[in-house]
Amino acid sequence: MRPDLEYAYAGRNLLDEPHHYMYTPFEGAAFLGAYLDHRERLAARDAAEGVALDREISAALAGEGAGDRLAARHRDPLILPEAPPGRAFVTADALDDCCAFLTAGDAGAAEPWLRLLGRRFEVTKRLFARYGADGKPAALDHRDLDPYAVLAAALLLRHRASPSLVALNAALKLVDLLSSAPGGRAGRAGALLPAVAGAEAAAVRALMAEQRVTA
Amino acid sequence: MTLERVGLLAVDSSRTRAYLARLEPDDLVPGYMVFLAGAPGTTPPTLPSVPYFDNTTPAVETIRRLGVPCRTLETLDVNAAEVVEAVRDAPVEVFVYSGPGGAILRADLLAAGKRFLHVHPGMLPRYRGSTTVYYSLLEEGSCGASALFLDERIDTGPLLAVRAYPAPEDRSTIDHGYDPHIRADLLARVLAGYRSSGAFSTASQPAGGETYFVMHPVLRHVAVLSRRSPSPAGRFDSTLDASRR
């Protein structure tokens with residue numbers, strides 16, 4: 001039974017008004033129940049099966065009818081395995097390369113890019129369309145939701161391969177943003193959101209079990 | 001008795017109140033203070049009562065009672081020009097830093113001719129950045145604190161001391177209670193050593209470590225509600241977190 005508590009961290013459009021998560025209140029175990037309810041509504045079913053969810057993420061990344069797109073991208077990447085910094089890059093290209101390498105089991109090449117983009121998002125709560133060789137935004141457009149969804153997917157694939165609180169922490173904030181923004185249910189972001197939300201909730205459930213925490 | 005060459009740069013916060021409460025009985029109170037009071041009419045924050053120290057008496061009242069020379073500034077911006085000037089003019093060599101949470105000291109303040117002694121709530125170099133007390137609770141079931149001199153980057157300056165602390169009995173009051181409590185304890189140990197030797201002994205930080213970002217409330221709740229036994233060797237990945245040594 002879940003107490004009547006609403007999950008409040010996606011209650012406004014975080015693309016317009018980011019949440020900085022400083023000194024958030026402690027609301028007891030009921031808060032975790034409210035969080036799981038929120039994510040399970042996004043995932044449209046109970047998100048307990050992590051392995052199946054990995055396949056869902058991969059399928060959503062590849063897109064319907066293009067099952068070999070990730071494998072092709074792994075064979076012919078745009079940026080990776082080159083490590084940042086050192087060149088300007090298009091965010092979407094770097095993220096697609098990261099997912100291609102992650103789904104091919106080549107997490108090492110994606111690691112420095114996930115660190116860079118995860119850090120950029122944590123600091124600014126934005127993902128800009130392009131970054132310069134110095135790691136700073138080279139284009140001020142940050143309203144395309146697809147890169148946020150793909151970064152969340154990549155971080156969760158990364159977390160599945162080897163648990164990382166850094167990756168899971170950023171993924172939680174990305175899913176908050178995606179579920180709060182009006183465009184988050186459309187396009188590629190919308191296609192990814194159910195699988196990403198499910199994978200994220202499964203990761204949190206696993207952590208709760210390890211820590212002997214019940215909602 | 002006060003430490004004549006040591007100052008305190010502070011806002012009114014649980015950390016500052018913990019520092020004053022812990023240092024006074026050991027005669028380790030800084031001999032000069034720069035206190036950021038905010039705009040005229042700003043009232044001291046109402047902070048929750050905690051079991052470790054007096055967190056309800058405003059810092060300004062404690063400072064007044066102690067009789068320590070204090071320059072009060074009408075700002076909460078630690079990098080404001082008047083703060084830089086007050087620090088530069090202060091008759092001390094080192095400031096204990098207890099400024100606004102999350103503030104990063106800019107170059108002109110760092111170049112004001114003083115060193116800034118900061119106590120970070122995490123074991124360095126492994127746990128850099130924000131809310132590290134919660135990350136270490138999740139990873140290891142324990143806490144830690146590190147005293148360092150600040151430099152231009154986050155938690156990378158030379159180390160004065162690193163100390164492990166057990167997890168608190170009540171994890172729901174960490175922000176205003178246990179976190180400032182363990183910082184105050186390590187600060188008192190460092191200042192006691194300084195009083196004995198007349199100098200601060202530092203060591204460069206080893207390579208490695210990870211900079212953590214503000215913990216999401218979901219993970220924070222898991223950390224607070226955790227009933228897992230402490231583990232000396234964390235089990236989270238060492239590559240992205242770069243945290244295993």
Side-chain angles (χ1 to χ4, degrees), chain A residues 7-9 19-36 38-39 107-108 110-112 114-115 118-119 121-123 125 155 158-159 161-176 200-201 203-215, chain B residues 13-14 45 47-48 100-104 126-132 134-141 154 167 170-177 179 209-231 234-244:
Chain A
Y7 180 73
Y9 293 95
H19 205 305
H20 296 284
Y21 302 100
M22 293 288 286
Y23 298 112
T24 53
F26 178 65
E27 300 178 82
F31 171 81
L32 293 174
Y35 154 76
L36 290 169
H38 180 264
R39 293 314 203 245
E111 185 74 14
L114 293 180
R115 289 174 61 85
R119 183 175 296 140
F121 172 73
E122 286 275 18
V123 170
K125 301 296 181 289
L155 289 168
R158 162 67 179 79
H159 178 76
S162 181
S164 161
L165 290 177
V166 171
L168 182 56
N169 192 57
L172 282 156
K173 296 175 183 177
L174 285 159
V175 175
D176 281 352
E200 180 217 82
V204 171
R205 281 189 186 280
L207 180 64
M208 289 169 61
E210 285 179 7
Q211 301 285 333
R212 300 170 57 207
V213 172
T214 53
Chain B
S13 64
S14 295
L47 298 172
I104 295 174
R126 180 170 171 179
Y127 291 102
R128 293 192 175 107
S130 179
T131 54
T132 43
Y134 293 97
Y135 283 104
S136 63
L137 279 171
L138 276 181
E139 293 202 2
E140 302 178 17
I154 298 173
D170 177 5
R171 298 187 179 194
S172 68
T173 59
I174 288 174
D175 286 346
H176 291 286
D179 174 307
E210 175 60 273
T211 299
Y212 291 84
F213 296 93
V214 176
M215 183 176 273
H216 189 279
V218 165
L219 299 184
R220 185 186 285 237
H221 275 70
V222 176
V224 170
L225 294 166
S226 175
R227 290 181 288 119
R228 192 176 64 90
S229 300
S231 165
R235 71 215 171 289
F236 286 90
D237 180 82
S238 62
T239 309
L240 190 57
D241 289 348
S243 55
R244 297 282 84 73

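Side chains included, hydrogens not; waters and symmetry mates left out as well; all remaining heavy atoms used. All chains are named by letter (A, B, ...) in the order of the sequence lines, taking the proteins before the strands, and each is independently numbered beginning at 1.
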Asks: Rounded at 0.5 Å granularity, tell me how far CG in A:L165 sits from CD in B:E139.
Replies: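 A:L165 CG to B:E139 CD: 5.0 Å, rounded to 0.5 Å.
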Asks: Looking at A:D176, A:T214, A:V204, A:V213, which has the largest count of heavy-atom pairs under 4.5 Å with chain B?
Replies: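 It is A:V213.
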Asks: Nearest 0.5 Å please: distance from the CZ atom of A:R119 over to the CD atom of B:E210.
Replies: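 Separation between the atoms: 6.0 Å.
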Asks: Where on B:R227 is there a heavy atom nearer than 4.5 Å to chain A: the side chain, the backbone, both, or neither?
Replies: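 Looking at B:R227, backbone and side chain both touch chain A.
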Asks: Which of the residues A:Y35, A:Y23, A:F31 is involved in the greatest number of heavy-atom pairs with chain B at under 4.5 angstrom?
Replies: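 Between A:Y35, A:Y23, A:F31, the count favours A:F31.
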Asks: Kindly determine whether B:L225 and A:Q211 satisfy side chain to side chain contact (heavy atoms under 4.5 Å, CB included), including the steps that lead there.
Replies: CA-CA 8 Å; B:L225 294 166; A:Q211 301 285 333; over 6 Å; no
Asks: Side chain, backbone, both or neither: which part of A:P112 has an atom under 4.5 Å from a heavy atom of chain B?
Replies: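 Contact with chain B: none, neither part.
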Asks: If you take all heavy atoms of A:K173 and B:V214, which pair is closest and at what distance?
Replies: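 Result for this residue pair: NZ-O, 2.5 Å.
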Asks: Starting from the C-alpha separation in whole Å, work towards a yes-or-no answer on side-chain hydrogen bond (donor to acceptor under 3.5 Å, both in side chains) for B:Y135 and A:N169.
Replies: CA-CA 10 Å; B:Y135 283 104; A:N169 192 57; 3.1 Å; yes
Asks: Provide the closest heavy-atom pair for B:F213 versus A:V123 in the form atom of the first, atom of the second, distance.
Replies: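 Closest pair (atom of B:F213, atom of A:V123, distance): CE2-CG2, 3.6 Å.
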Asks: Distance from A:H20 atom NE2 to B:S130 atom OG, nearest 0.5 Å?
Replies: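 OG of B:S130 is found 12.5 Å from NE2 of A:H20.
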Asks: Which heavy atom of B:R228 sits nearest a heavy atom of A:E210, and at what distance?
Replies: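 Shortest heavy-atom contact: CD-O, 3.1 Å.
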Asks: For A:Y21, is it the side chain, the backbone, both, or neither that has a heavy atom closer than 4.5 Å to a heavy atom of chain B?
Replies: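 The answer is both parts of A:Y21.
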Asks: Working to the nearest 0.5 angstrom, can you tell me the gap between A:L168 CG and B:L219 CG?
Replies: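 Output value for this atom pair is 5.0 Å.
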Asks: If we only count heavy atoms from C-beta on, is the A:Y7 to B:V218 side-chain gap below 4.5 Å?
Replies: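 Contact flag for A:Y7/B:V218 side chains = yes.
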Asks: Side chains of B:H221 and A:F26: closer than 4.5 Å at any heavy-atom pair?
Replies: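 Yes, close enough: below the 4.5 Å cut-off.
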Asks: Contact part of A:H19 toward chain B, heavy-atom cut-off under 4.5 Å: side chain, backbone, both or neither?
Replies: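 No part of A:H19 comes within 4.5 Å of chain B.
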